[in-house]
Amino acid sequence: MLNDCYAISGSEEPIRQWLKKQLSAETVFTDRMGNLIAHKCGSGKKVILAVPMDEPGIIVTQITEDGYLKFETVGRFRPEFLAFKRVRINGIQGVIALKAIHLTSKEEREKPMKENQLFVDIGADSYEEASRVICIGDCGTVDSEYRRFGDRMLKGRAVGSRLACKVAAELLQKPCSADLTVVFSVQREIACRGLSAALCEFKADIGIALDGVPAIPGEGVILTEHTDFDIKNRMISLAKQKGIPVKSCVANEKGQETVLKQQGITTLALGIPVRYPESASQIASLDDAEALKQLLECYMEGLS
Amino acid sequence: MNLKARILDASQIVGVSSFENAICEYLYKELTAMGIDSYVDENGNIFGQIACDAPGAKTLLLEAHIDQVGLIVSGIDQDGRIRFTTIGGVDERILCGMEVELQTNPPIYGVVGPVSSEKMEKTHKIEELRIDIGYPYEKVKDMVCVGDSVVFCNTPQFLLGDKISAAAMDNRAGIAAVLDCLQKVREKSLPFCLRVLFSVGEELGLQGAYTAAMPGVADAAIVIDVTHGMTPDAKDNTGVFPLGSGAIICRGPSLHDGYAKQLISLAKEKSIPYDIEVASGSSGTTAWAIQTAGGGIPVALVSIPIRYMHSNLETLSLADVQAVSDLLNAALTGGISIVE
């Protein structure tokens with residue numbers, strides 16, 4: 001159960017529709033922000049599980065006289081990973097590329113890539129031709145499909161967080177005593193805005209954040225330092241007991257766990273290791289996703 | 001086969017310089033299927049010949065290189081990631097997140113990225129990049145060998161109008177123009193013997209052309225290659241042509257100006273779109289080698305403009321490839337005369 005349909009922050013409709021069909025829960029609804037929320041009643045602790053369903057993309061800011069598109073990135077894409085990629089905007093195929101090596105100096109090539117030097121070539125010869133199919137403000141992203149390779153590795157756009165969505169959806173199918181609310185959040189890529197809005201509506205004893213995190217695929221479940229001390233120890237001993245690989249990691253960016261913590265909720269932050277995180281060629285291990293699923297299930301079973 | 005299908009077909013066959021076996025075999029079969037007498041020399045150059053009955057007929061050489069730029073495996077790290085270097089001129093900036101295929105048997109998929117996840121101060125050098133094929137060291141060392149060639153994964157992207165982006169358009173677009181033309185002229189009686197040469201190793205220093213253009217091979221030659229297409233970041237460069245310009249005919253001291261002028265007149269006469277580029281020194285093409293090879297062969301150069309040359313997204317307009325095919329067709333069927 002995994003799908004790489006487009007879900008650029010602010011335009012998550014395709015993935016929301018798809019996820020909605022997959023979920024088995026008593027209540028599934030979309031809130032005003034666009035978060036998809038699934039609730040399963042239970043007599044035990046109130047648990048909120050947050051997992052992002054969006055992904056980074058690009059947004060068209062200008063159509064040039066000669067028919068090229070200037071853009072800004074939406075969310076976390078590094079420009080060096082955007083150059084020389086196939087892209088798709090409104091179903092229109094394009095490429096992001098730079099002039100040939102023969103036409104550049106060594107100094108030019110050594111400079112770190114900047115977003116504002118990049119442009120999308122859709123093959124239009126003029127502003128008029130381009131503006132027949134593209135409007136300023138249209139969003140798109142790199143044309144990068146899922147690809148299984150190596151030893152149970154997966155390459156694609158946002159594979160870390162999308163695998164985490166799968167784990168969350170599967171957790172809803174498991175019997176447990178906790179009162180579980182899963183927030184498949186929008187706009188994680190732009191400062192976790194979806195989750196911030198969603199949390200106003202809920203109270204919880206425990207908050208769990210799942211996501212892809214920068215680490216080495218194959219290392220197991222990543223337990224980030226934002227996890228509260230007691231839960232962290234509990235997770236480590238659970239993992240040891242069950243033989244699930246787990247690694248503690250210092251998180252150098254603010255993920256959805258920080259939003260949970262700001263609400264004063266006891267927080268557990270778990271991640272799937274992702275190589276090349278700020279790219280559309282993310283790499284994650286299916287074994288790590290499986291480990292996350294097992295660890296999470298063990299933890300939920302132990303909650304009363 | 002129509003021209004578009006030919007271009008896509010030829011660009012999908014891999015052939016990094018000095019690893020040209022697959023493309024060599026493909027082209028030998030294509031020529032043979034057209035009924036053109038062909039053979040492959042010990043370097044992998046492919047020769048074809050269409051004879052002429054006219055007494056004292058001169059010989060024209062039609063040449064295009066078959067190889068493409070790529071990468072080559074240079075080592076395997078303890079974590080299983082693969083070190084590499086480039087074959088031909090490859091800009092490091094194309095490589096981050098690049099999907100590649102190692103030319104092992106069977107081929108192996110991988111993704112290129114920086115060895116460190118730190119934000120960079122400068123563009124990553126080749127030494128700072130690795131290919132990740134998703135296996136641990138123990139497996140990688142049995143699957144991959146230092147010296148294996150690597151190609152860019154090649155998924156064509158269809159842009160507006162007749163524009164296509166794909167890897168290896170340099171010089172499979174040229175090859176496609178030649179094949180398209182040969183298909184049309186092979187049944188006709190030509191005013192001279194035609195030799196076709198598809199040469200290897202251009203990206204490494206015109207190696208195939210140097211070794212194949214032997215004394216007596218031809219009285220004149222036409223080389224088909226690619227030149228630079230205009231992009232918004234190339235407005236300050238010269239020798240850059242908007243896509244749709246047509247056949248780009250080159251003039252300069254390393255080329256025979258008589259043939260360049262004949263081709264220009266011919267394009268005008270037949271209303272084939274064209275433009276003129278200048279090479280004050282080397283044209284950077286096999287024409288440079290052929291001019292002095294085998295005691296010297298007067299040579300002309302006709303190019304197809306492509307954007308983003310030497311990348312996975314070389315972009316062209318079909319109309320330009322068609323213009324080159326049409327100009328060749330006109331030239332071979334009596335449009336130019338071979339002078340003493």
Side-chain angles (χ1 to χ4, degrees), chain A residues 64 66-68 70 78 80-88 92-104 109-113 117 119 121-125 129-130 132-133 142-144 147-155 214-218 275-281 283 285, chain B residues 79-80 89-99 108-114 117 119-125 132-136 139 152 155 157-165 228-234 237 239-240 242-244 284 306-315 317:
Chain A
T64 68
D66 40 2
Y68 295 91
K70 297 295 289 177
R78 280 201 207 172
E80 64 263 36
F81 278 102
L82 279 175
F84 296 92
K85 298 296 175 297
R86 296 180 292 120
V87 296
R88 202 173 276 263
I92 298 290
Q93 298 191 10
V95 298
I96 299 175
L98 292 164
K99 65 179 177 181
I101 182 170
H102 320 67
L103 304 175
T104 53
R109 293 197 295 275
E110 278 179 350
K111 278 187 204 145
M113 192 112 40
Q117 80 188 96
F119 52 88
D121 180 351
I122 57 168
D125 290 321
E129 195 184 354
R132 275 199 285 276
V133 291
V142 176
D143 215 341
S144 169
R147 166 100 189 211
R148 276 283 301 271
F149 74 109
D151 193 4
R152 289 177 52 77
M153 294 291 173
L154 183 68
K155 175 243 78 174
I216 299 168
R275 177 162 280 162
Y276 316 141
E278 290 166 287
S279 81
S281 312
I283 295 172
S285 156
Chain B
D79 66 356
V90 175
D91 184 344
E92 282 91 344
R93 296 179 302 173
I94 79 171
L95 292 169
C96 266
M98 166 87 79
E99 296 174 59
I108 302 168
Y109 172 88
V111 184
V112 178
S117 56
K119 280 230 159 73
M120 60 172 196
E121 300 289 315
K122 269 184 164 185
T123 299
H124 295 290
K125 294 193 183 78
D132 182 356
I133 63 165
Y135 287 107
K139 278 196 178 160
F152 311 143
T155 309
Q157 191 83 330
F158 299 95
L159 309 185
L160 294 182
D162 68 347
K163 297 187 186 74
I164 303 174
S165 301
H228 296 290
M230 178 58 87
T231 50
D233 54 351
N237 295 88
V240 180
L243 298 194
I306 66 168
R307 295 172 181 159
Y308 325 120
M309 199 190 288
H310 287 195
S311 80
N312 51 326
L313 297 169
E314 297 178 337
T315 302
S317 161

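These numbers come from a predicted model, not from an experiment. Below, read A as the first sequence line, B as the second, and so on, with proteins coming before strands; counting in each chain starts at 1. What you see below is based on every heavy atom in this structure, not just the backbone, and it leaves out hydrogens, waters and symmetry mates.
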Heavy-atom distance under 4.5 Å to chain B: side chain of [X], backbone, both or neither?
X: A:I96; result: backbone
X: A:V142; result: neither
X: A:D121; result: both
X: A:I283; result: side chain
X: A:T104; result: side chain

Which bit of [X] is near chain A, if near means a heavy-atom gap under 4.5 Å: side chain, backbone, both or neither?
X: B:I133; value: backbone
X: B:R307; value: side chain
X: B:E314; value: neither
X: B:V240; value: side chain
X: B:P242; value: neither

Taking the side chain as every heavy atom from C-beta outward, state whether [X] and [Y] have any atom pair closer than 4.5 Å.
X: A:E80; Y: B:T123; answer: no
X: A:R275; Y: B:S117; answer: no
X: B:K163; Y: A:D125; answer: yes
X: A:D143; Y: A:K85; answer: no
X: A:V95; Y: B:Y308; answer: yes

For chain A, which of [options] has the most heavy-atom pairs under 4.5 Å?
options: B:D162, B:L243, B:T155; answer: B:T155
options: B:N237, B:D233, B:I108, B:D91; answer: B:D233
options: B:V112, B:T231, B:D132; answer: B:D132
options: B:C96, B:P136, B:S317; answer: B:C96
options: B:S311, B:G161, B:P232; answer: B:P232

Counting heavy-atom pairs under 4.5 Å with chain B, which one of [options] comes out on top?
options: A:V87, A:D66, A:I92, A:D151; answer: A:D151
options: A:A100, A:P112, A:S281, A:A130; answer: A:P112
options: A:Q93, A:R152, A:E110, A:M153; answer: A:Q93

(Q) Using a 3.5 Å distance criterion without hydrogens, assess whether the side chain of A:S279 forms a donor-acceptor pair with backbone atoms of B:G97. (A)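 No, because the side chain of A:S279 does not come within donor-acceptor range (under 3.5 Å) of the backbone of B:G97.
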Q. Roughly how far apart are A:K111 NZ and A:Q117 CD, rounded to 0.5 Å?
A.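 One gets 8.5 Å once the value is rounded to the nearest 0.5 Å.
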(Q) Once salt bridge (Lys or Arg N to Asp or Glu O under 4.0 Å) is applied, do any residues pair with A:E129, and if so which ones, sequence neighbours excluded? (A)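 Not a single residue meets the salt bridge (Lys or Arg N to Asp or Glu O under 4.0 Å) criterion with A:E129.
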**Q.** Aromatic plane relationship, A:F149 with B:Y109 - under 30° parallel, 30 to 60° tilted, over 60° perpendicular
**A.**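 If you compare the ring of B:Y109 with that of A:F149, the planes turn out perpendicular.
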(Q) Angle between ring planes, A:F81 versus A:Y276, binned at 30° and 60°: parallel, tilted or perpendicular? (A)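 Taking A:Y276 first and then A:F81, their aromatic rings sit tilted (interplane angle of 30° to 60°).
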Q) Residues in side-chain contact (heavy atoms from CB on, under 4.5 Å) with A:E278, at least two apart? A)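 Testing A:E278 for side-chain contact (heavy atoms from CB on, under 4.5 Å), a comparison that skips the adjacent residues, returns A:R76, A:R78, B:K119.
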